[in-house]
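Here's the structure, in structure tokens; my notes come after.
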Amino acid sequence: MVTLKEKMRQLTSEKKGLLATNFYNMETLHGVLTAAKETRQPVILQLTGSSIDYMGLNTAVELARTGLKDFGVEGWIHLDHGSTVELAQACLDAGFDSVMIDGSELPFEENVRLTREVVKRAQAYNANVEAELGYVAKLGQSHDNHAFTKAEEAKRFVDETGVDALAVAIGTAHGFYKEEPRLQFNLLIDIHATVDTILVLHGGSGVPEAQLRKAISLGICKVNLATEIKNIFMKTLKTTLNGDEIDLRKVFPVATGRVTQLVKEKLVVVQNN
């Protein structure tokens, strides 16, 4: 099997992206995998710490690994926004292909130390490690703070940590946008020219298609998608749960189908044809 590191290097050279989708239960997982199967595209399956707490680490990994096999999809399992070395280690032990350690809210040197430790541990597993540098607003945080990633600082960070992939702050945010985001493409060009590592775009939900395609053409490879998946699943459930039906096996598939439709559209975009 091609490693995630190898796949992202290949796609970056081809100016194509790789969609990284969060899943929260079997239904959202199957929605994603159906989309990947029908479009014959690879996908990264992401789990946050809260999703791991909700489903259980081993249960979540087995769901993802079995799903990839059963659906015949090329894919990898990734820890999204890991907050501690201990969580990253547990995910590596559980068979994750990739882990993110998020020290973006820490001072630069502390972020370096934290990331370097996870990179060191991941080497024994040949696992991909992602980190974040700059300010990509998380859910509930202000979108007004524009602490963009600086190219020279990114180079220093990558050189000092050996990290495989770097999430950069170029104008996106997690959650819903109050107005259309405007990605800083000149900054992205500088970062891509300066840093020899895979570049990641967090906050992909709600970014216009044209901007996503341009970002991929300019060096972004991994594109995260989470908020839109939760949103379409829950909105569909709310409109479906308006009768006396109590059989969740009849109700959930409608929402799962909408997830599939959404992810298929995003998979077409990241292919950047």
Side-chain angles (χ1 to χ4, degrees), residues 1-8 18-26 28-29 32-33 36 42-68 73-106 110-133 136 138-139 157-158 161-168 174-175 197-205 221-227 229-230:
M1 177 180 172
V2 176
T3 68
L4 181 55
K5 296 179 189 180
E6 294 167 340
K7 190 68 174 184
M8 290 195 293
L18 181 57
L19 192 66
T21 60
N22 288 57
F23 71 97
Y24 309 90
N25 53 16
M26 188 187 77
T28 49
L29 173 64
V32 169
L33 290 174
V43 70
I44 299 173
L45 301 175
Q46 300 197 146
L47 289 158
T48 60
S50 56
S51 292
I52 289 170
D53 290 341
Y54 174 67
M55 287 185 276
L57 179 58
N58 293 328
T59 298
V61 173
E62 286 302 315
L63 270 175
R65 194 67 71 193
T66 301
L68 288 168
V73 169
E74 181 184 20
W76 303 266
I77 304 172
H78 172 75
L79 169 65
D80 187 28
H81 288 286
S83 56
T84 65
V85 172
E86 291 74 22
L87 177 57
Q89 182 67 60
C91 289
L92 291 168
D93 290 338
F96 278 54
D97 304 291
S98 176
V99 294
M100 179 192 180
I101 185 68
D102 185 1
S104 60
E105 296 184 43
L106 299 173
E110 290 183 36
N111 193 358
V112 167
R113 284 194 293 272
L114 181 67
T115 303
R116 186 189 292 140
E117 176 62 26
V118 174
V119 169
K120 178 182 176 181
R121 294 180 182 223
Q123 289 174 347
Y125 303 82
N126 195 28
N128 179 75
V129 178
E130 176 183 329
E132 183 175 318
L133 189 64
V136 182
K138 295 179 175 61
L139 290 172
F157 184 86
V158 171
T161 62
V163 74
D164 303 295
L166 184 66
V168 292
H174 298 92
T197 194
I198 299 300
L199 298 181
V200 181
L201 187 73
H202 283 204
S205 292
C221 179
K222 180 173 176 277
V223 177
N224 283 17
L225 182 72
T227 300
I229 291 176
K230 288 186 290 187

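A search for salt bridge (Lys or Arg N to Asp or Glu O under 4.0 Å) contacts involving Asp80 returns nothing, not counting sequence neighbours. Remark: Thr197 engages no residue in a side-chain hydrogen bond (donor to acceptor under 3.5 Å, both in side chains) (not counting sequence neighbours). Not counting sequence neighbours, the partners of Ala226 by the side chain to side chain contact (heavy atoms under 4.5 Å, CB included) test are Asn22, Tyr24. Residues forming a side chain to side chain contact (heavy atoms under 4.5 Å, CB included) with Val2 (at least two apart in sequence, or on another chain): Glu6, Lys7, Glu74. With sequence neighbours left out, Asp53 forms a side chain to side chain contact (heavy atoms under 4.5 Å, CB included) with no residue at all. For Asp93, the side chain to side chain contact (heavy atoms under 4.5 Å, CB included) partners two or more places apart in sequence, or in a different chain, are Gln89, Tyr125. Applying the side-chain hydrogen bond (donor to acceptor under 3.5 Å, both in side chains) test to Ser50 and every residue at least two apart in sequence or in another chain returns Thr48. Applying the side-chain hydrogen bond (donor to acceptor under 3.5 Å, both in side chains) criterion to Asn111, with sequence neighbours excluded, gives Thr115.
Counting heavy atoms from C-beta on, the side chains of Met8 and Glu130 never come closer than 4.5 Å. Counting heavy atoms from C-beta on, the side chains of Arg65 and Asp97 come closer than 4.5 Å. In this structure the side chain of Phe96 never reaches within 4.5 angstrom of the side chain of Leu4, judged on heavy atoms.
The minimum heavy-atom distance linking Val118 with Ala88 is given by the pair CG1-CB, 4.1 Å. Between Gly49 and Leu79, the shortest heavy-atom contact is N-CD1, 4.4 Å. Of all the heavy atoms in Cys221 and Ile198, the pair that sits closest is CB-CG2, 3.9 Å. Between Leu45 and Val32, the shortest heavy-atom distance links the atoms CD2-CG1, 3.9 Å. The shortest non-hydrogen separation linking Lys5 to Ala127 is CE-O, 3.3 Å. Nearest heavy-atom pair across Asn128 and Ser98 is ND2-OG, 2.9 Å.
Atom CG in Leu29 sits 8.0 Å away from atom CE in Met55 (nearest 0.5 Å). Rounding to the nearest 0.5 angstrom, the gap separating the CG atom in Leu47 from the SG atom in Cys91 is 7.5 Å. Note that CG of Asn224 is 9.5 Å distant from OG1 of Thr21, once rounded to the nearest 0.5 Å. Atoms CG and CG, on Leu63 and Asn58 in that order, are 11.0 Å from each other to the nearest 0.5 Å. Of the inter-residue distances, the one linking Met100 atom CE with Lys222 atom NZ reads 7.5 Å to the nearest 0.5 angstrom. With rounding to the nearest 0.5 angstrom, the CD1 atom of Ile44 is 4.0 Å from the CG atom of Leu18.
Judged purely by atom type and a 3.5 angstrom limit, Thr66 uses its side chain to pair as donor or acceptor with the backbone of Glu62. One N or O on the side chain of Asp164 and one on the backbone of Val129 form a donor-acceptor pair closer than 3.5 Å.
Residue pairs meeting the salt bridge (Lys or Arg N to Asp or Glu O under 4.0 Å) criterion with at least one member in residues 114-124, sequence neighbours excluded, are Glu117-Arg121.
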